[in-house]
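Have a look at the structure below before the remarks.
Below, read A as the first sequence line, B as the second, and so on, with proteins coming before strands; counting in each chain starts at 1.
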2 protein chains.
Amino acid sequence: MEKIFQEAVNDAQVIAPFQSHGHDHGQCVVEAIAAAESRCEKDGSSFTPLRRKVLELVWSSHGPVGAYEVLEKLRSSRRNAAPPTVYRALEFLMEHGLIHRIESLNAYVGCGDPARRHGGQFLICRDCQSVAELDDRAIDRAVTRRADALGFDVEQQTVEIIGQCADCSARGDNDGE
Amino acid sequence: MEKIFQEAVNDAQVIAPFQSHGHDHGQCVVEAIAAAESRCEKDGSSFTPLRRKVLELVWSSHGPVGAYEVLEKLRSSRRNAAPPTVYRALEFLMEHGLIHRIESLNAYVGCGDPARRHGGQFLICRDCQSVAELDDRAIDRAVTRRADALGFDVEQQTVEIIGQCADCSARGDNDGE
DNA sequence: TTCTATATGTTATAATATATCATATTTTAA
DNA sequence: TTAAAATATGATATATTATAACATATAGAA
Ligand SMILES: [Zn+2]
Ligand SMILES: [Zn+2]
Ligand SMILES: [Zn+2]
Ligand SMILES: [Zn+2]
């Protein structure tokens, strides 16, 4: 069991696995900010203090965060922040692949690997709200095959899978068992 | 090319293909209503005139329709219709598998086969807004495999693929070629 | 028939997102 | 080096999507 998990986690197609409860999340944020700086430098775009702060707030957990949740937190450092303040920053972060939008939740989640271009494939735990990010070629291939057969040209994938993660399943949260 | 399309269209995993521009859409609506009646009878739930009307309005095209678009149209027959009128009907139709919600568009689309239980997989044309509904086992299998490897228990899939359909591609709409 | 569950009416408001114009800051280039 | 242009943020207003709460009506069951 453990072995299977480990294989899956080490697979490059798993961009960001579910994180253990006790992991060093400060380090996650540090790495995300570093990756963002690097990415913006490459793109020749300016990673301003506001954008950095908003990215940090999105990374406050591995779960999806709503725009107004970001706004509320942002206001402790920027008293006059308004919805456009946040939405513009989120738009920038999306354009540069630093965050993804979870359509089914109207929320945003930090990207686990902004260096690599990819569409969005997510496993979302209904209990702990954690998100695992995938770039699964088998899923992509299955989608592309079917689309090709119908003469459909794929431009953007939204794959959002709701369910229960291993930890919550083990802990016996809610239904499920 | 035609042959490939035809195979794909006849495949049971394509619940509803893209429709030709000149097809008899009145017939689509008639069939959808008949299927809905049958389904509700099986479920022992009441397919009221309001719910029927809302379903017809969702079926006004093969594209996604917003709740407030439905509301506006509904008002020509029900002067006093309000948002809850529509949302409650949409909720009912969803619960009975008569429509699906397209999360990435905050919109709804009629289900091409309410008799069969299935999750949502959609190809959505960015030009003509038409939607093809899939129940593709290869996509489902790829998702399930990866989820299993991560110990994740899948409960609900949201697969929404944006792109350009064959017709629009042939007509040379916008970019794409 | 009375009770009970279901369905709809009605009003208000919550939650999410964008438009618009003003101001500040940075970059470009004459 | 300074004016013009592009970019970024401030500020206000409003659009869009969705739900809460309570009242009334209707349909089945007891
Ligand atoms: Zn972390
Ligand atoms: Zn990513
Ligand atoms: Zn039709
Ligand atoms: Zn369907």
### Query
B:Ala89 or B:Asn106: which one's nearest nucleotide on DNA chain C is closer to the 5' end?
B:Ala89
### Task
Send over the distance from A:Glu69 CD to C:dA17 P, rounded to a whole Å.
12 Å
### Task
Using only heavy-atom distances, determine whether the side chains of A:Asp153 and B:Gln164 contain a donor-acceptor pair under 3.5 Å.
no
### Query
Under 4.0 Å between a side-chain N or O of B:Ser46 and OP1 or OP2 of D:dA27?
no
#### Entry: Side-chain N,O (A:Arg101) to OP1/OP2 (C:dA17) below 4.0 Å
yes
### Task
Treat each ILVMFWY residue as a node, draw an edge where side-chain heavy atoms are under 4.5 Å apart, and state whether B:Val109 and B:Leu57 are in one component.
no
### Message
Would the distance check show the side chain of B:Arg101 and the main-chain N or O of B:Met94 forming a donor-acceptor pair, the cut-off being under 3.5 Å?
### Response
no
### Phosphate OP1/OP2 of C:dA17: any A:Tyr87 side-chain N/O under 4.0 Å
yes
### Query
In terms of ring plane angle, is the pair B:His118 and B:His100 parallel, tilted or perpendicular, where the classes change at 30° and 60°?
tilted
#### Entry: Length of the line joining A:His96:NE2 and D:dT7:C1', which is rounded to integer Å
12 Å
### Query
Could you write out DNA chain D as a dot-bracket string, with dots for unpaired bases, | for bases paired across to another strand, and Watson-Crick or G-U pairs counted at under 3.5 Å?
||||||||||||||||||||||||||||||
### Task
Over 60° means perpendicular and under 30° means parallel, so classify the ring planes of A:His25 and A:Trp59, tilted if in between.
tilted
### Task
Report the distance from atom CZ of B:Phe47 to atom C1' of C:dT6, rounded to the nearest whole Å.
17 Å
### Message
Can you work out whether A:Ala67 or B:Ser45 has the more 5'-proximal nearest nucleotide on DNA chain C?
### Response
B:Ser45
## Note on the structure
To the nearest angstrom, the CG-C1' distance between A:Leu105 and C:dT16 comes to 13 Å
### Separation of atom CG in A:Leu74 from atom C1' in D:dT9, rounded to whole Å
12 Å
Write out a two-atom table: protein N or O, nucleotide N or O from nucleotides 9-15 of chain C, distance below 3.5 Å.
from	atom 1	to	atom 2	distance (Å)
C:dG9	OP1	B:Arg78	NH1	2.9
C:dG9	N7	B:Arg88	NH2	2.6
C:dG9	O6	B:Arg88	NH1	3.1
C:dT10	OP2	B:Asn80	ND2	2.6

### Task
Let me know the distance between OH of B:Tyr108 and P of D:dT17, rounded to the nearest Å.
10 Å
### Query
Rounded to the nearest 0.5 Å, what separation is found between the CZ atom of B:Arg39 and the NE2 atom of B:His96?
8.0 Å
#### Entry: Check: A:Gln121 side chain, A:Asp136 main-chain N or O, donor-acceptor pair, under 3.5 Å
yes
### Message
Expressed as a whole number of angstroms, how long is the span from A:Leu71:CG to C:dA17:C1'?
### Response
12 Å
### Message
Under a 3.5 Å distance rule, please check whether A:Gln157 uses its side chain to pair with a backbone N or O of A:Gly119 as donor and acceptor.
### Response
no
### Task
May I have the distance from A:Leu90 (atom CG) to D:dA8 (atom C1'), rounded to whole angstrom?
15 Å
### Message
Keeping B:Gln156 on the side-chain end and A:Ile162 on the backbone end, is there a donor-acceptor pair under 3.5 Å?
### Response
no
